[in-house]
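Values in this document were obtained by computation on a predicted structure and should not be read as measured data.
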Amino acid sequence: MTKAMTAWNGYNNYVVQETNQLGDNVKKTARMSFPSDLPVLFFTRDDGRESRDGRSKFTFLHTQLTNNPSSTIIPLKGHHYLHWTRYKEMSEAALKFMGDIEDKRCIVN
């Protein structure tokens with residue numbers, strides 16, 4: 001079923017166009033980060049890999065965050081589709097993240 005869905009969804013004209021623009025889009029966003037007042041939650045696969053310069057996916061994602069104390073990165077062991085196997089942990093973390101933000105808003109207001 002996964003192969004059929006991938007073939008159906010993964011190779012339509014829009015996905016092909018997006019893939020062809022990937023390099024340019026990465027260049028356009030390379031120096032961007034999220035606004036400092038926007039809390040951000042990242043889930044990323046922890047595969048232990050590092051680039052030649054010692055960077056990992058975690059360190060790359062960290063450059064996208066600002067100094068918002070609510071922002072966080074959660075590395076999880078697993079394959080690319082973390083939501084297939086780690087959905088319970090992700091759901092719990094997302095609910096906690098949103099609750100923490102709501103609690104901070106109540107304190108400020």
I need the minimum non-hydrogen distance between Phe97 and Ser70, along with the two atoms involved.
CE1-O, 2.9 Å
Could you tell me how the ring of Tyr81 sits relative to the ring of Trp84: parallel (under 30°), tilted (30 to 60°) or perpendicular (over 60°)?
parallel
More than 12 heavy atoms from other groups under 6.0 Å of CD on Glu18:
no
Nearest 0.5 angstrom please: Lys96 NZ to Ile101 CD1, how far?
10.5 Å
May I ask you to say whether Asp24 pairs ionically with Lys28, meaning some side-chain N is under 4.0 Å from a carboxylate O?
no
Separation between NE2 (His83) and CG (Leu76), nearest 0.5 Å, reads 12.5 Å
Of the non-hydrogen atoms in Thr85 and Glu89, which two are nearest, and what is the gap between them?
O-OE1, 4.4 Å
Side chain Thr29, main chain Asn25, donor-acceptor under 3.5 Å
yes
Any donor-acceptor N/O pair, Arg45 side chain to Leu82 backbone, under 3.5 Å:
no
To the nearest 0.5 Å, what is the distance between CD1 on Ile74 and CZ on Phe42?
12.0 Å
What are the two closest heavy atoms between Phe43 and Ala94, and how far apart are they?
CZ-N, 4.3 Å
Euclidean distance, Lys27 NZ relative to Gln21 CD, rounded to 0.5 Å
11.0 Å
